[in-house]
Structures are given as structure tokens and as C-alpha cells.
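For reference, the structure is listed below as C-alpha cells.
Numbering of ligands and ligand atoms starts at 1, following listing order. Treat the numbers as computed from the prediction; the structure is a model and nothing was measured.
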Amino acid sequence: MKVVVRAPSNIAFIKYWGKKNEKLRIPANSSISMNLSDAYTETSVEFKKILSDDLVIIDGKKIDGKEKERIGRHLNLIRKMARINFFAEVLSKNNFPKGAGIASSASGFAALTLAGVKAAGLNLSEKELSVLARLGSGSACRSIPDGFVEWKKGSKSSDSYAYSLKSPEYWDIRDIIVVVGEKSKKVGSTEGHKEATSSPFYKARISEMDKKIADIKLALKNKDFTKFGRIVEEEAINMHTVMMTSKPPLFYWLPKTLEIMQSITTWREAGLETYFTIDAGPNIHVICRSKDVRKVKTKLEKIQGVKKIIINRVSKGARIVK
Ligand code: DP6
């Protein structure tokens, strides 16, 4: 049976950086995110008797090497659970251009998980799907449930999973992705996570995480945008400080990144309330209220060097489309 799934990418407000168990992708801290309506992956999976190897095609290109091995390992987990030994045909498409600097591992592994599980004839709960997606890429576990999501760090594999805190309709905030760099990054997040503990600030970061999670959940509950935004910005700077002070240091920002961060601060001082967050790359995510989207977009369009702007609402999690 061929199953097609669409899964959103997500942006973390409280980030996952550093693992307690590298192989099982158990994070050092819990994280909070929202699913993105306009950055998603659509994947079909079919297990076929006639195949002599897994066939993986992403955005029209046949995948080999390390990327294929990682997908193969994930398919092996599904094959083991379903007790099948057929290879799979995996066809995957991102709606955002590859190399746009937008991470596809969250949406990619969430889509692969749900499509693979269904194609193998398994019926898993949302929690079990999230656990399985996490084993492919940590942040993918947050793309399974709907809307605003918390990934509970847990203490073992079976209790490290994400669940929905609030539905997509709960709060109409937006994430505007501002693409300023399109080259793929030198150090990907899986490699970066390993370096986190080498920063002298890592321990301090981790010791504050439980409080940060509690604070942002309260801001979300109260729909307190100012409090929410301040926590989000502080958190992004905090994670990037750990990155920049790791050994060797990881600098993901470009000059444009900093320029836009400063613009956002200036706009805010002038009354346009927006906040930024940044993942393991140079692109900026501008968080704003729905009423301010057009104003923010117009301002961003005037900045030279902005390559693409993607406006996201809060979205549902991974879904079967066929
Ligand atoms: C900076 O989920 O890509 O985006 O588990 O090794 O696949 P792996 O890492 P990944 O890390 C994401 C890091 C981040 C922060 C976040 O999304 O929470």
C-alpha cells in the first residue's frame, strides 16, 4: 500500500541543543515549538517486493550516501516493528526550495515516519509516532502533533515525545521566515549538538531550562505576546552564545542576520512589536501578531539581500493526504 503524508516543519521557541543520549536523540532539555503552515514536506512510502534496495528520491533527485543511510536506518525501525522485510520506495518533496537554508529534517522525518508506519500496516498512537520520529531527527517529534507543541525531554526513549499544548486556532501569531543565506551549512545540527557541552556556558543554559519552559507556557496560556516574544529572543541569543563558545566555535549568523536582528529591535522601539528567533543557520524567523504581518513584510522587502520571505500561520501536525 502506498501512503502519502504531509508534515510541517516547526520553529522552536525554546530550543533543543545538546543531547543526553546521542543515539536515541534524548535531549538535554524539553523544548517548545509551533508547526509551520507554509514550510512542509510531502512524502509517499511504499514497501515493494520487487525492490532490491530502498529507493529514495527527494525533490526529484536520487539520494545516496549518508543521507540515504540515515533514512534506511529509520525504515529498518519500521520494518522491525511491522515484521516485514521489503525495501521501500520513498518519494519526497519539500515545498520550500532545497538549499534555502530551511531545515528539512523535522518535516522530512515526521512525514517519513507517518507514511512509513501506515504503509507497513501499523497503527501507532500519536505518542508512539512522535517517539519514532524523534529517533530519525529530534525536532521531527514536534512535527507530529498539532499547533503549539511541547517535547518533553523524558528520561528514556519511550517517554521522550511531543504533544500538543494548544491547537493551531488558539493564537494567531505568525512566523515570517527571512531567507538570507542559501548555501547549505558547514556544520549540520546533528554534528553541532555534540559540541554543545564544550561551551563553558552550556551548564548555565541547561540549569535555566525548566524555568524558561514554565515561563513560556504561562505566556502562551495568557496570550501575553510581549512576555512570549522576550523569552523567545532571549532564548535564541542564549543558544547561539553556546554555539559560538563551543570548541570549535560555531557561527551560524551572517552579517545580514545581525542587520535584521537590529532592525527588528528598532521597529519594536518604534511600536511595531516583533521578535526574532534563529536556528542552526543564518535565516531569521520573525515572530509577530497577524495584524502586523503586512507591515513587517513591507519592511523586510526593502532590505537588500533578503532572498525569500515565507509567511507561516500555526499549523496542524503530520497528516495522511492519500
Ligand atoms: C537548532 O533536530 O536537526 O533547530 O536530532 O540531530 O536531527 P538531530 O537534530 P535537529 O536539531 C535541531 C536544532 C535546532 C533547535 C530546535 O529545533 O529545537
Side-chain angles (χ1 to χ4, degrees), residues 7-36 39 41 66-67 69-71 73-74 77 94 96 100-113 130-145 148-154 157 160-162 175 177 181 184-197 199 202 205-206 209 212-213 216 231-233 235-244 246 250-253 257 276-285 287 312 317:
S9 182
N10 67 74
I11 180 68
F13 299 126
I14 304 297
K15 313 271 189 194
Y16 151 53
W17 196 248
K19 300 176 193 178
K20 215 159 62 184
N21 183 321
E22 200 188 311
K23 200 165 160 258
L24 293 175
R25 294 188 150 83
I26 298 178
N29 58 271
S30 299
S31 52
I32 306 263
S33 62
M34 82 176 222
N35 284 323
L36 304 178
T41 303
K66 284 218 164 102
E67 205 177 345
E69 273 169 37
R70 186 169 169 184
I71 292 166
R73 278 199 300 275
H74 203 61
L77 294 176
N94 297 304
F96 43 90
I102 303 165
S104 57
S105 73
S107 52
F109 275 97
L112 179 69
T113 300
S130 180
V131 166
L132 187 56
R134 189 203 77 231
L135 293 167
S137 175
S139 53
C141 77
R142 297 189 309 238
S143 289
I144 297 287
F148 294 91
V149 167
E150 175 176 12
W151 171 9
K152 284 196 142 329
K153 64 177 188 253
S157 187
S160 183
Y161 67 98
D175 170 28
I177 308 176
S184 52
K185 46 199 173 199
K186 278 198 208 106
V187 182
S189 37
T190 301
E191 291 310 302
H193 279 287
K194 294 184 203 165
E195 287 182 25
T197 51
S199 161
Y202 178 70
R205 167 173 168 77
I206 296 300
M209 279 325 223
K212 258 196 226 177
I213 294 271
I216 203 162
I231 298 170
V232 167
E233 255 190 36
E235 162 62 0
I237 297 167
N238 183 305
M239 178 183 73
H240 279 269
T241 302
V242 166
M243 289 165 160
M244 290 178 204
S246 292
L250 287 172
F251 290 97
Y252 285 111
W253 299 351
T257 315
F276 61 78
T277 185
I278 307 160
D279 276 344
N283 302 321
I284 299 105
H285 291 251
I287 311 299
N312 294 280

Check if Arg134 has a non-hydrogen atom at a distance under 4.0 Å from any atom of ligand 1.
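It does not; every heavy atom stays at 4.0 Å or beyond.
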Does Ser105 have a non-hydrogen atom less than 4.0 Å from ligand 1?
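Right, Ser105 reaches ligand 1.
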Within this structure, what is the [atom1]-[atom2] distance for the pair [X] and [Y], rounded to the nearest 0.5 Å?
X	Y	atom1	atom2	answer
Trp17	Glu195	CH2	CD	8.0 Å
Ile231	Ile213	CD1	CD1	10.0 Å
His285	Ile11	NE2	CD1	3.5 Å
Tyr161	Leu132	OH	CG	15.5 Å

For [X], take its heavy atoms, then give the atoms of ligand 1 lying under 4.0 Å from any of them.
X	value
His193	6 (O), 9 (O), 10 (P), 11 (O), 12 (C), 13 (C)
Lys15	18 (O)
Ser139	2 (O), 3 (O), 10 (P), 17 (O)
Gly138	2 (O), 5 (O), 7 (O), 8 (P)
Lys19	5 (O), 6 (O), 8 (P)
Ala280	1 (C)

Measuring only between side-chain heavy atoms, which start at C-beta, is [X] closer than 4.5 Å to [Y]?
X	Y	result
Ser30	Lys153	yes
Met209	Lys15	no
Ile287	Glu233	no
Leu135	Arg25	no

Measure the acute angle between the ring planes of Trp253 and His240, then classify it against the limits of 30° and 60° as parallel, tilted or perpendicular.
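Tilted: the ring planes of Trp253 and His240 meet at 30° to 60°.
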Record the part of [X] in heavy-atom contact with ligand 1 below 4.0 Å; permitted values are side chain, backbone, both and neither.
X	answer
Ala12	side chain
Arg70	side chain
Arg142	side chain

For ligand 1, which is the ligand I care about here, please tell me if [X] has any N or O atom under 3.5 Å from one of the ligand's N or O atoms.
X	result
Ser189	yes
Arg25	yes
Thr190	yes

Consider side-chain hydrogen bond (donor to acceptor under 3.5 Å, both in side chains). Of Ser9, Ser33, Ser130, which one does Arg142 pass it with?
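Single side-chain hydrogen bond (donor to acceptor under 3.5 Å, both in side chains) partner of Arg142 among Ser9, Ser33, Ser130: Ser33.
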In the protein, which heavy atom is nearest to [atom], and how far is it?
atom	result
atom 7 (O) of ligand 1	Ser137 OG, 2.7 Å
atom 15 (C) of ligand 1	Tyr16 O, 3.4 Å
atom 4 (O) of ligand 1	Asp279 CG, 3.4 Å

Taking every non-hydrogen atom, the tightest pair across Ile284 and Thr257:
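Looking at all heavy atoms of both residues, the closest pair is CD1-CA, 3.6 Å.
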